[in-house]
**Q** 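The structure's right below; bear with me while I get my questions together.
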Amino acid sequence: MVFQITAQDRDSSARCGILKTDHGTIETPIFMPVGTVGSVKAVCQRDLKEDIGAQIILGNTYHLYLRPGLDIIERVGGLHNFISWEWPILTDSGGFQIFSLAEKRKLTREGAIFRSHIDGSKHIFTPEGVVDIQRKIGADIIMAFDECPPATADYRYIKESLNITKEWLERGVKQFRQQSPLYGYSQLFFPIVQGGLFDDLRIESALHAISMEMEGYAVGGLSVGEPAQEMYRILELLDPTLPKDKPRYLMGVGTPANILEAIERGVDMFDCVMPTRNGRNGMLFTSEGIINIRNRKWAQDYSPIEKGGSSYVDEKYSKGYLRHLFIAGEILGAQIASLHNLAFYLNLVKEAREHIAQGSFREWKRGYVKNLERRL
RNA sequence: GUGGUUGUAGCUCAGCAGGUUAGAGCGCUAGUUUGUGGCACUAGAGGUCGUGGGUUCGAAUCCCAUCAUCCACC
């Protein structure tokens, strides 16, 4: 049993759980900071762990495979050792990258042929190969290699794509079962549910994924441009279909409101570049709403970034100082904003956990969401 | 004092054999960002072209004067 439900909300599908890995347990619902190339951009590992309490971070198969390369990671005993992060890591398979690098890729049944964005060299990813790569990277949770079609794709395209994703999943699972971990700790394998915005394809994909009997399931292909309501609809559709006793991971989502709405619909795990990417560009998530710290109105605001915020930077530095750092192009600005935003996200899911445990999740969420998207 | 140089957006400059609403970079103002090719991207504001005359259908552009600037020589 790697996943245990510890609390179930009365009037929604929201629940709390504990996901066990050999690098530590993860309390769900959880937000996982994205560390694509072995670094959560602009945030050092000590701050991630000791200051804001990150429990698990992401790496990316596509990026790590290209740079620094597997031999370098393998020789030091895996990504944890390489990047000095001794807690859980999940690696995305690179399916999304192949999709977002559309001009340079070529999909075949065998796999995806693509060119490196770094040096133009040609590579092929197969479902088996991607499992092997993630074994070498040594992630605690490894993801199936899927095709992530655009939101605008029509039924026929999505159906075709799903056939490939299903076949690739079976091959990936087979490979995963045949190979053992390389570094003495166990690894989990999560299939990815696709199917676009079409109910029958989503259900088909979910049932197929469930038949693999893995320890957790991901929902992919959402938040790729469709309205949020569509995403919520799909989650509601999948909620009764996916096994209750396994963690559900909604890939790439999202805004604070997206996350709370998804938690209500039974999702346990999230990742998103938004807190770090937007943070680097001067956008801050606060309990009062969203602020663009570069705006002139903050120039002489000497109040803390966020009073009572959960990172030390929140009270240590003023908005006016942070604005100055951004206007001056100082790297410290990106560091402070990234840490603040991640702290906000991690605190968001922490509060969600507390309210689920207390049975007050829905009322709390309703009030909270109103403020969240407000622009200050 | 004499000869020459240069004055165009907040800054640095382009435009000058005369011709529609004078441009660029940076800066400034605001917006975008959802399994990270991003200290990125998009948009906007801002100029009596030193000043005053003149030539011309038409002047940032040609002529004269003047002011400022820098250089060289007395």
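All chains are named by letter (A, B, ...) in the order of the sequence lines, taking the proteins before the strands, and each is independently numbered beginning at 1.
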**Q** Could you give the CG-to-P distance, from A/L284 to B/U33, as a whole number of Å?
**A**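 So the two atoms are 16 Å apart, to the nearest Å.
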**Q** In whole Å, what separates the P atom of B/C41 from that of B/C13?
**A**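 Rounded to whole Å, the distance is 26 Å.
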**Q** How close or far is atom C1' of B/U34 from atom CE of A/M32, stated in whole angstroms?
**A**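 Checked: the CE to C1' distance equals 13 Å.
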**Q** Checking base pairs now: Watson-Crick or wobble, both atom distances under 3.5 Å. What partners B/G3?
**A**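 B/C71 - that is the nucleotide pairing with B/G3, both distances being under 3.5 Å.
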**Q** Determine the Euclidean distance between corresponding C1' atoms of B/C49 and B/G31; express it in Å to zero decimal places.
**A**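 32 Å, rounded to whole Å.
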**Q** Take the protein atom CG of A/N258 and the nucleotide atom P of B/G35, then report the distance between them rounded to whole Å.
**A**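 For the pair A/N258 CG and B/G35 P, the rounded distance is 11 Å.
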**Q** Under 3.5 Å for both donor-acceptor distances, Watson-Crick or wobble: does B/A43 have a partner, and if so which one?
**A**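 When the pairing criteria are applied, B/U29 turns out to be the nucleotide that pairs with B/A43.
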**Q** Check this for me, if you would: do A/R265 and A/E261 make a salt bridge, where the nitrogen-to-carboxylate-oxygen distance has to be below 4.0 angstrom?
**A**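 Looking at A/E261 together with A/R265, the answer is yes, because their closest N to O distance falls below 4.0 Å.
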**Q** Which of these nucleotides, B/U32, B/U36, B/U34, is closest to any side-chain atom of A/R294?
**A**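 Among B/U32, B/U36, B/U34, the one nearest the side chain of A/R294 is B/U32.
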**Q** Mind checking whether A/F114 and A/Y62 have parallel, tilted or perpendicular rings, split at 30° and 60°?
**A**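 Because their plane-to-plane angle lies in the 30° to 60° range, the rings of A/F114 and A/Y62 count as tilted.
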**Q** For A/R366, is there an ion pair with A/E363 - N to carboxylate O distance below 4.0 angstrom?
**A**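 No, this pair does not count.
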**Q** Touch check for A/Q194, heavy atoms < 4.0 angstrom, all strands: base, sugar-phosphate only, or nothing?
**A**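 Base contact - A/Q194 has a heavy atom under 4.0 Å of at least one base atom.
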**Q** Which nucleotide, in any strand shown, forms a Watson-Crick or G-U wobble pair with B/A24, with both distances under 3.5 Å?
**A**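 Pair assignment: B/A24 / B/U12.
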**Q** When Ile, Leu, Val, Met, Phe, Trp and Tyr are grouped by side-chain heavy atoms lying under 4.5 Å apart, directly or through other members, which residues fall in the same group as A/Y185?
**A**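 Joined to A/Y185, directly or through intermediates: A/L182, A/Y183.
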**Q** Any N or O donor-acceptor pair under 3.5 Å from the base of B/U32 to the side chain of A/R375?
**A**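 Side chain to base: no pair below 3.5 Å.
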**Q** Under 3.5 Å, is there a donor-acceptor pair between the side chain of A/R15 and the main chain of A/I5?
**A**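 Absent.
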**Q** Quick one: which residue pairs count as a side-chain hydrogen bond (donor to acceptor under 3.5 Å, both in side chains) with a foot in residues 218-229 of chain A, not counting sequence neighbours?
**A**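 Pairs touching residues 218-229 of chain A that pass the test: none.
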**Q** Using the side-chain heavy atoms of A/R296, tell me which of these nucleotides is nearest: B/U29, B/G38, B/U34.
**A**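 My answer, after comparing the listed nucleotides, is B/U29.
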**Q** Both distances below 3.5 Å, Watson-Crick or wobble geometry, any strand: find the nucleotide opposite B/U34.
**A**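 Its partner: none found.
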**Q** Report the nucleotide, chosen from B/G38, B/U34, B/G35, that has the shortest atom-to-atom distance to any side-chain atom of A/K41.
**A**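 Within the option list, the nearest is B/G38.
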**Q** Between B/G35, B/U33, B/G31, which one does the side chain of A/N281 approach most closely?
**A**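 When the side chain of A/N281 is considered, B/U33 is the closest of B/G35, B/U33, B/G31.
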**Q** Please give, in whole Å, the distance from B/A30 P to A/M283 CE?
**A**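 To the nearest whole Å, that distance equals 16 Å.
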**Q** Any donor-acceptor pair under 3.5 Å between the side chain of A/N60 and the base of B/G35?
**A**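 Checked by distance alone, the answer is no.
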**Q** Can you check the A/F326 CZ to B/U29 C1' distance for me, whole Å?
**A**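 Distance, rounded to whole Å: 17 Å.
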**Q** Between P on B/C39 and CD1 on A/I327, what's the gap in Å once rounded to a whole number?
**A**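 One finds 17 Å between P of B/C39 and CD1 of A/I327, rounded.
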**Q** Nearest-Å distance, CZ (A/R280) to P (B/U36)?
**A**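 To the nearest whole Å, that distance equals 12 Å.
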**Q** Starting at atom CZ of A/F344, determine the distance to atom P of B/U34, rounded to an integer number of angstrom.
**A**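 In whole Å, B/U34 P and A/F344 CZ are 18 Å from each other.
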**Q** Describe the nucleic acid contact of A/L66 in one word from base, sugar-phosphate, nothing, applying a heavy-atom distance below 4.0 Å.
**A**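 No contact.
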**Q** Would you say the base of B/U32 and the side-chain of A/R277 have a donor-acceptor pair closer than 3.5 Å?
**A**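 Donor-acceptor pair under 3.5 Å: no.
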